[in-house]
Each structure stands twice: as structure tokens, then as C-alpha cells.
Amino acid sequence: MANNERVYITTTLPYVNADPHVGFAMEIIRADVLARYYRSSGKEAFFNTGTDEHGAKIHEAATKEGIDAQAYTDRYAARFRDLKGLLGLSVDNFVRTTDAHHVMSAQEFWKRCAASGDIYKKLYRVKYCVGCELEKTDSELVNGRCSIHPNREIEIREEENYFFKFSNYTKPLLELYATHPDLVIPSFRFNETKAFVARGLEDFSISRLRRKMPWGVTVPGDDEHVMYVWFDALVNYISAIGWPDDMDRFEKWWPVIQYCGKDNNRQQSAMWQAMLMSAKLPPSKHIVINGFIMSGGQKMSKSLGNVINPFDVVASFKDVTPFPEDVLRFVLLHDISSFEDGDLTLESIKASYASNLQNGIGNLVSRIMKMATTHLDGPVELHELDHHNAIDDAFNVFDIKRALECVMGAASELDAYIQETAPFKVIKVNVEDGEVLIVEMVERLYRIAILLEPFLPRTAKEIQRLIHENKMPETPLFGRLP
RNA sequence: AGCGGGAUAGAGGAGCGGUACCUCGUCAGGCUCAUAACCUGAAGGCCCUGGUUCGAUUCCAGGUCCCGCAACCA
């Protein structure tokens, strides 16, 4: 690892044709926890996110609403920008793929790939249903015919597209994977990538005809074409840190640790890495891949009505805690596997809240601070804290769930320790011994509050404040659900 | 079809060649500092059949059953 003092972390850029998905909320919260953890370990961190705004789906959605594509994306980009406040994120940069700098960067990137001889034009055959006036993919056809217009012949139309010579990169990618054994995390995702590349790669189309789909970045030197949305969007990881015009900034931060969902494995681990090679840029440092969140054992879908909306979850805890965003952060970080698929329902969220936050952390703070405020004259004097090795180990392998479990384990041990040593009993017979115990409880609680900070930032800060001021929480940190 | 993942107490999850662990639930006890919270203990389990091995829940083979990738969707 080349750069040990600085860390550049990014999420993928969500596509702005729908409201933020809870799966993306999980991705961005995990990236946030990582950024906060690195900062707490004395590193400098740069945390990027943003929105992916080009492409046919946006164009169609905007057209359907009868508004300009830019106006459409402005509205949705704001929705995603709001996540920062809603989820308590320490985001440093929000890139929109419609930003002028990003557009320029994507065009320069294209030129570099072209200069490497990896971009060429070729005739592209598309299947077209005149009835629908739409292109059809093979999977949409039934017996070679449009399912809506089975009486019409599917026409084969030819159009010129630019292609990226992905096929040139089969061997270089396999070499990259062999020399960077922790490029893709977890390893079973890396295996999928390797297997996919080893089967041999096919060139992919990276442009669309402007007259059919105008909403994209203009291909350098060819006004008739715009870039396929993937090609332009992936460049955000470097445009966000100043590439190509501010190379000092770029070199300060690159390479990146990127988070993505499992549906993005190929794009990030294979396509993007090949594109970087083509542009003669170093590969990503790590690509950390999340699983999906199911609900009640099934994929979330509107028709099943089991969609967990991050905005709703936060709103539903507003009346019981001053830190509703930390509730969502907690369940996403604690109740879902760091790498496998997980499951979340409204019931499971409530159960986890009651057991871990209300009866766990919240109650622990109350019982300790009650003893402290009753029996101590003033705030406990606090000293520097050493590192928690088990947590560092978990973070080193990006196992955020395990890291949080270490903190929760410490809280649970402290509950048991209070029971064992019974300071509330000791203080009645020996004031001095009782005070020593209570001070110890406060110190241990403080340590937990420090460790908790990357995960539940506002809750952790509040516990620290209570300790510094030797105060009871005015209202329960995590109150009882109605 | 192909590719991939999985089957562990009532439920949901971890684990792993050698006393099988956690959370919730159930039952019994304890404590009173705390948000009827907290602590201790108990009952209960590795899909099936072979193989490798001193020893398999773990590795291998076969079987059964689930799930994902092809449908806007992270």
C-alpha cells in the first residue's frame, strides 16, 4: 500500500432515476464509517460521493415528465445531496456527472484511451421492433419476436458505435489480479471477477448516437455521438480529485478505496480497471463489495410492498431519540453482514433498536451517569486511550460489522462488570472504594464512546459531552418505542 | 442450459479438521445504579449417503432442497 497517511474513499455514484435506496444508504454509511475511522486513527481522509446523471433512462424519464433533463437531474441530485444531513455523513465532495469539470475530465479520459488505440468505431447491429419503435435486447424477445407485437418482423438495424477494446485486457487484468491479491474484497467476489475475466472479454460499446439519445457527454471530435453512461460515470473517481488538470491533487489522493454493491462487481473490478490501464493510470487500491439487503427473505420490490425506505426509517425514530439517523446507521452496520446478503424488516429494526440501543447503550449511559452524578463531585479526569486491536483488525479487512460488534461487546461487558463489582452497593459501606469503582465505570464508558464514534457519531459525541460535564441525559438517549 | 451462493438449536445469524458460538425467544434464579432496564444459569442444533482421516459440522464425491444472475430497481 503506497499511501499510508492519506485515504481516498468513494461510493459508487447512484443513478438518479429514483429515490435513494436503503442499499445505497448502507453503502454510503459504510464508506462514512471507514472515513471516520481513518480520521480517528490520525490519517487524512477524502470522502467522495455524488450522482450519475446521464443516459437513456434519465432522458426518457425527463421526457415523460415533459421537463428538461438537467432540471430533472437537479431535482434528484438534491435528494441525494440531502443524504449527508439525513444520515450524518462526513462527505467531503459531491460530484455530479453533469458538472463541467467532470464532463471535461471524461472527454480527456476518452482521448487517453483513444491514444492507446483502445477505441474504435464499428457497425453495431441492433434488433428493432417497429411496433414499439424501440430497440430490443435478446432477453426481451420471445421466439425471436417482440412479445407485444408478435406479428411484426424484428428488423435488424445497423448503427455505428464506438467500442472499447476490452478484449485487449484479458491478460493484463488477470496479471493485475494476481499481483494485487486484495484488490477486490471479499475474496469470493474476487473469484467471481477472475472467473469472468478468465472466460475471455468482449469489447463493449461506449457510445450512443446523439440523435437517438442526446443526454450524455459529447464524444471528443465527434458531435454525432455521446458517451455511454457507464464510460463517463466511472471517470468520476478521478475527476473528483482533480484529474486531469490538477495532478498534484490527483496524486495526493489516488489510488482509491471504492465501495459498491455486488451488482457492480464487473464494472468496477474489470471494466473500470481496464479503462484505467488504457489511460495509463494506476489501478484502484481496494474495491469493497456489499451484498444486497432483502426484506423478509425476499428482494425488496414495490409490488411486494416490503421496501425499506431510509427516509422513513429515520423519520420513524424522530420521537423516541434525538439521534434517529444513528438508529438507521446502527441497524445497517450491525444487523447486515459486511459482505453477504442481509435481511431487514421494520420489525427487525425495532427489535434491534430495543435490544442494542435502548436497553444496551442508552441504558448503560443512564445507569453509569446516574451513579456518577449522584456520588462524584465533578467530571472524571480522562486520559489518552490506546488502540483497540480487535477493532483495528476488523477494519483492516473491511469487516465493519465485526468492528461494531467489538464495541457492543465492550458495552455488554461493562454491564456485567457493574453487576459484579456493584459500585452502587459498595458506595453505601465505603465511600472511597465506591468512588474508585464509579470513576472506573465512567472511564470505561468514555472509551466505548470514543470507539463508537465512527459508527454513531452524534450519539458518541453526546455521551462524551455528558461525561465531560458529569451530567445525566436530560431525556433517554434512546427512548421507548410507542 | 450455464455461472455462482447456500442448507448449523423455535427464529435469524457466525464459525470451523479435535470441548460448536452469538442474538432474539422459552424456563429458573439474582440485582436494585439504570429506560420493567441489567446480571447468572438451564433446555434445545451442524440436510442425506458415501469417502479421506486417529478424528469431519468443517475436506472430497454423489444426492435432496433453497436462492441469486436473464425483468426500472443497490
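Protein chains get the first letters and strands the later ones, always in sequence-line order, with residue 1 at the start of each. What's counted below: heavy atoms across the whole structure, side chains too, no hydrogens, waters or symmetry copies.
- The distance from atom CG of A:N356 to atom C1' of B:C38 is 14 Å, rounded to the nearest whole Å.
- Rounding to whole angstrom units, CG of residue A:N265 and P of B:G68 are separated by 19 Å.
- Every stem involving RNA chain B, taken as at least 3 paired positions in a row under the Watson-Crick or G-U wobble test at 3.5 Å, is listed here: B:2-7 with B:64-69, B:10-13 with B:21-24, B:26-30 with B:38-42, B:47-51 with B:59-63.
- Taking the P atom of each, B:A37 and B:C24 are spaced 12 Å apart, rounded to whole Å.
- Atom CD in A:E27 sits roughly 15 Å away from atom P in B:C73 (whole-Å rounding).
- Looking only at atom types and distance, the side chain of A:N470 has no donor-acceptor partner in the side chain of A:T373 under 3.5 Å away.
- For the P atoms, the distance linking B:A43 with B:C48 amounts to 23 Å, nearest Å.
- Residues A:V229 and A:Y15 have side chains in contact (heavy-atom distance under 4.5 Å, counting atoms from C-beta outward).
- Remark: the A:S269 side chain and the A:N265 side chain contain an N/O donor-acceptor pair separated by less than 3.5 Å.
- A heavy atom closer than 4.0 Å to some atom of RNA chain B occurs in no member of residues 73-86 of chain A.
- Atom pair A:L404:CG and B:U23:P shows a separation of 14 Å (rounding to whole Å applied).
- Sequence neighbours left out, the pairs with a member in residues 24-35 of chain A that pass salt bridge (Lys or Arg N to Asp or Glu O under 4.0 Å) are A:D32-A:R36, A:D32-A:R329.
- There is no side-chain donor-acceptor pair under 3.5 Å between A:T12 and A:Q268.
- Put simply, the side chain of A:N290 does not reach to within 4.5 Å of the side chain of A:C260, judged on heavy atoms.
- A:R199 comes within 4.0 angstrom of the backbone, heavy atoms only, and of no base.
- Residues in residues 412-421 of chain A take part in these salt bridge (Lys or Arg N to Asp or Glu O under 4.0 Å) pairs, two or more places apart or across chains: A:R367-A:D415.
- Among the atoms of the strands shown, base atoms are found under 4.0 Å from some heavy atom of A:I293.
- With sequence neighbours excluded, the residues forming a side-chain contact (heavy atoms from CB on, under 4.5 Å) with A:Q464 are A:Y446, A:A449, A:I450, A:E453, A:A460, A:K461, A:H468, listed by chain and number.
- Pairs engaging residues 473-482 of chain A under the side chain to side chain donor-acceptor pair (under 3.5 Å) rule: none recorded [sequence neighbours left out].
- As rounded to the nearest Å, B:U8 and B:C16 have C1' atoms that lie 11 Å from one another.
- Applying the salt bridge (Lys or Arg N to Asp or Glu O under 4.0 Å) test to pairs two or more places apart or on separate chains, none has a residue in residues 7-18 of chain A.
- The nearest whole Å value for the distance from the CG atom in A:D335 to the P atom in B:A14 is 12 Å.
- Scanning for salt bridge (charged side-chain N to carboxylate O under 4.0 Å, His left out) contacts around A:D19 gives A:R79, with sequence neighbours left out.
- Side-chain contact of A:T49 with A:T11: a donor-acceptor pair under 3.5 Å is present, judged by distance alone.
- When distances are taken from the side chain of A:A416 to each of B:C39, B:A74, B:A14, the shortest belongs to B:C39.
- In the displayed structure, A:N396 atom CG is contacted under 6.0 Å by more than 12 heavy atoms of other residues, nucleotides or ligands.
- For the P atoms, the distance from B:G13 to B:A9 is 11 Å, rounded to whole Å.
- Judged by distance alone, the side chains of A:E53 and A:W215 never bring a donor and an acceptor atom under 3.5 Å apart.
- Comparing B:A14 with B:A7, their C1' atoms are spaced 15 Å from each other, to the whole Å.
- Only the C1' atoms considered, B:U64 is 11 Å distant from B:U49, to the nearest whole Å.
- Remark: C1' of B:G13 and CG of A:D399 are 13 Å apart, rounded to the nearest angstrom.
- With A:T97 as reference, A:D232 is the one residue of A:V16, A:T51, A:D232 to meet the side chain to side chain contact (heavy atoms under 4.5 Å, CB included) rule.
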Counting primed atoms, P, OP1 and OP2 as sugar-phosphate and everything else as base, the B/S/- map of nucleotides 24-33 of chain B against protein heavy atoms under 4.0 Å is S-----BSSB
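- When the P atom is used for both B:C47 and B:G25, the distance is 26 Å, rounded to whole Å.
- Among B:C39, B:U35, B:A74, the nucleotide with an atom closest to any side-chain atom of A:N359 is B:U35.
- Rounded to whole Å, the separation between the P atoms of B:A56 and B:C38 comes to 41 Å.
- Closest-nucleotide positions on RNA chain B for A:Y417 and A:V365 were compared, and the one nearer the 5' end corresponds to A:V365.
- Listed by residue number, the members of residues 450-482 of chain A with any heavy atom below 4.0 angstrom from RNA chain B are A:P476, A:L477, A:F478, A:R480.
- Considering only residues two or more places apart in sequence or on other chains, A:V226 meets the side-chain contact (heavy atoms from CB on, under 4.5 Å) condition with A:R208, A:R210, A:M213.
- Summarising the geometry, atom OH belonging to A:Y8 is positioned 9.0 Å from atom CD1 belonging to A:I238; distances are rounded to the nearest 0.5 Å.
- The 5' end of RNA chain B is approached more closely, in terms of each residue's nearest nucleotide, by A:K262 than by the other of A:K262 and A:G291.
- If you measure from atom CE of A:M294 to atom P of B:C73, you get 17 Å, rounded to the nearest angstrom.
- Here the side chains of A:S348 and A:D343 are not in contact, with every heavy-atom distance at 4.5 Å or above.
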In 5'-to-3' order, the base (B), backbone-only (S) or no-contact (-) status of each nucleotide in nucleotides 4-12 of chain B, using a 4.0 angstrom heavy-atom cut-off, is S--------
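- One interatomic measurement links the two molecules: CG of A:D19 to C1' of B:A74, which rounds to 14 Å at whole-angstrom precision.
- Heavy atoms of A:N363 sit under 4.0 angstrom from at least one base atom.
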